[in-house]
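For reference, the structure is listed below as structure tokens.
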Amino acid sequence: MSNVKARPESEAPDAVVPCCPPLSERPFTAEEAERTARMFKALGDPVRLRLFSAVASHEGGEACVCDISDVGVSQPTVSHHLKKLKEAGLLTSERRGTWVYYRVEPSVLAAMGQLLAVR
């Protein structure tokens, strides 16, 4: 589930439209609030925030699960937290052989920034 929609092709190819308007623009609809709450709830856990940060800051914006497992919890717990981040639309993944690679889409980071922007 993605929290952003691509803009029409006539606009910049990496530009995004956030899932919701900036917080200061207008009150959220119930659907916008649900979608945004899932995203922030996923980041509300310190282990998930560390994993999200590890993936986002990894060279190339992509990290193998084998490179990001040192967050103070066991590997099954890491997998659980990565699954929750994926369900919230914050990460994507791809299996390559025996390893899974995670990526934070630049559009997700841009949308989150736009959501929190004060206008």
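Only a predicted model underlies this, so the values are computations on that prediction, with no experimental measurement involved. Numbering starts at 1 and runs along the sequence shown.
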Can you name the nearest heavy-atom pair linking [X] to [Y], along with the distance?
X	Y	answer
Ala33	Phe28	CA-CD1, 3.9 Å
Leu90	Phe52	O-CE1, 3.5 Å
Val108	Gly89	CG2-O, 3.6 Å
Ser93	Val100	CB-CG1, 3.7 Å

Greater than 12 external heavy atoms within 6.0 Å of Gln75's CD: yes
Salt-bridge criterion met for Arg26 and Glu32 (N-O under 4.0 Å): yes
Side chain Ser53, main chain Leu49, donor-acceptor under 3.5 Å: no
Rounded to the nearest 0.5 Å, how far apart are [atom1] of [X] and [atom2] of [Y]?
X	Y	atom1	atom2	answer
Leu85	Leu51	CG	CG	6.5 Å
His58	Tyr101	NE2	OH	9.5 Å
Trp99	Cys64	CH2	SG	5.5 Å
Met112	Thr36	CE	OG1	10.0 Å

Pair Thr77-Val47, side-chain contact (heavy atoms from CB on, under 4.5 Å): steps then yes or no: CA-CA 9 Å; Thr77 304; Val47 172; 5.6 Å; no
side-chain contact (heavy atoms from CB on, under 4.5 Å) assessment of Leu43 paired with Arg48: CA-CA 6 Å; Leu43 292 175; Arg48 288 184 198 148; 5.6 Å; no
side-chain contact (heavy atoms from CB on, under 4.5 Å) evaluation trace for Asp45 with Lys84: CA-CA 10 Å; Asp45 182 283; Lys84 292 297 182 182; over 6 Å; no
Test applied, side-chain contact (heavy atoms from CB on, under 4.5 Å); reference residue, Arg50; option that passes from Asp70, Val71, Val73: Val71
Residue among Lys86, Glu62, Arg103 satisfying side-chain contact (heavy atoms from CB on, under 4.5 Å) with Thr92: Arg103
